[in-house]
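Just so you know, these numbers come straight off a predicted model, no measurement behind them. All ligand and atom numbering here is 1-based and tracks the order in the structure.
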Amino acid sequence: MKNNLSNIKKSKYYLDKNECIAIPTETVYGLAANAYSDTATAKVFKLKKRPKKNPLIVHYNSLKMLKQDCEINDLFNKLYKKFCPGPLTFVLKLKKNSKISKNVTNGKKTLAVRFPKKKITKKLLKKLDYPLAAPSANISSKISPVSKKDVIDEFGKKIKFILDGGNSEIGLESTIVSLINKPEILRLGGTEIIKIKKILRFNIKYSSKKKNSFPGQQRVHYSPGIPIRLNAKKAKKDEAFILIKKRKFSDKNFFYLSKNKNLKYAAKNLYKTLRMIKKKKFNSIAIEKIPNKGFGEAINDRLLRASKF
Ligand code: TXA
Ligand code: MG
């Protein structure tokens, strides 16, 4: 507890000085910087090797602060009430007088915002008088980090400080919902679409093939850097084999996301497992078919992109 407090203070110290640090969230770790500062946000793009045209998600802890930057509406209020804090990101209209750095939005008039649930990160946000721009704390197009160790794996000593919040409970990025025109899902993630539909009481769609959409839409993304074979029934010799249900005969090449087809649990283990397989120096990965429902949809979306190696 005492340790947490001093780490929160340290985080604030670096952030106030326009440095970027890594912060834990319940989805994945983020590479965070003062969203109002051009200097700080420029460092995020540089460290991540992120294309400047790919805008950042901004993290808030208070509605009051959000309202200074964005226009909100009834649909936002409904979803906010049910899902925040939690793994849901909203794309909203940016206010003309908002202080958000142009780097964050790439000059666009919309802003992606989210209210993270991790306690230590909420405490940090409370102490700041600016929100935090934070993309996932990985080098662009690589696997997202779900622990402090993963962040070190990505950046080594290149970042000033990592606020340790243990493992990310969800293990997969937030779902993104755009409320700009007709509401639509821009990225599958930690909040299931079916739950969003229930609150909105109308059908809301996700299309991965949409032109001009950018959330994680690069063809190659979440890549462990080795070939991945989807819907595999068997593994080839020397291939790592990822499974979601127990097999009678286990092999040392088997990696279980879940032993009983629990898709939420499988989602939580996905990035961790891909990173582990890469470290064990396998040259390729086979993965058995994942049912395309609930969290399985988000897992399949990530695997498809990861396999475009
Ligand atoms: O769970 C998460 O969302 C994590 C944690 C750290 O909060 N963050 C995260 O950020 O996944 P990032 O940058 O890796 O992915 C954010 C995605 C990007 O693909 C970006 O294109 C999209 O959000 N995005 C950002 N601003 C947007 C906007 N105004 N309109 C549409 N998409 C936007
Ligand atoms: Mg990312």
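The cationic group of Arg305 does not satisfy the cation-pi geometry with Tyr222, failing either the under 6.0 Å distance to the six-membered ring centre or the 45° limit from the ring axis.
The contact set between ligand 1 and Ala134, taken as ligand atoms under 4.0 Å from a residue heavy atom, comprises 6 (C), 8 (N). Ligand-side atoms of ligand 1 in range of Ser174: 1 (O), 2 (C), 3 (O), range being under 4.0 angstrom from any heavy atom. Close approach to Ile57 involves these atoms of ligand 1, each under 4.0 Å from a residue heavy atom: 3 (O), 8 (N), 9 (C), 10 (O), 16 (C), 23 (O). Taking every heavy atom of Thr27 and a limit of under 4.0 angstrom, the matching atoms of ligand 1 come to 1 (O), 2 (C), 4 (C), 5 (C). Applying the 4.0 Å criterion to heavy atoms of Leu186 picks out, from ligand 1, the atoms 31 (C). Within ligand 1, the atoms closer than 4.0 Å to a non-hydrogen atom of Ser136 are 8 (N), 9 (C), 10 (O), 12 (P), 14 (O), numbered from 1 in the order shown. Every atom of ligand 1 is numbered from 1 in the order shown, and the set under 4.0 Å from a heavy atom of Ala112 is 25 (C), 26 (N), 27 (C), 29 (N). Set against the non-hydrogen atoms of Val91, the atoms of ligand 1 under 4.0 Å away are 29 (N), 30 (N), 31 (C).
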Is there a salt bridge (Lys or Arg N to Asp or Glu O under 4.0 Å) between Glu71 and Lys95 once you walk through the steps?
-> CA-CA 6 Å; Glu71 313 270 359; Lys95 279 194 170 163; 5.3 Å; no
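Between Arg275 and Asp150 a salt bridge is recorded (basic side-chain N to carboxylate O distance below 4.0 Å). Salt-bridge check for Lys245 with Glu288: passed, with a basic side-chain N closer than 4.0 Å to an acidic carboxylate O.
Residues Phe155 and Ala137 share a closest heavy-atom pair of CE1-O, 3.2 Å.
The shortest heavy-atom distance from Lys108 to ligand 1 is not under 4.0 Å.
Considering both main-chain and side-chain atoms, Lys48 never comes within under 3.5 Å of ligand 1 through any nitrogen or oxygen pair.
Among Arg50, Lys93, His59, the residue whose heavy atom lies nearest to atom 18 (C) of ligand 1 is Arg50.
By the criterion of a heavy-atom distance under 4.0 Å, the side chain of Ile176, and not its backbone, is placed next to ligand 1.
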With a cut-off of 3.5 Å and sequence neighbours excluded, list every side-chain donor-acceptor pair involving residues 161-168.
residue : atom : partner : partner atom : Å
Asp164  : OD1  : Gly166  : N            : 3.0
Ser168  : OG   : Thr25   : O            : 3.0

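The number of protein N/O/S atoms found under 2.8 Å from the Mg ion (ligand 2) is 1.
Phe254 and Phe241 have their aromatic ring centers within a separation under 6.0 angstrom.
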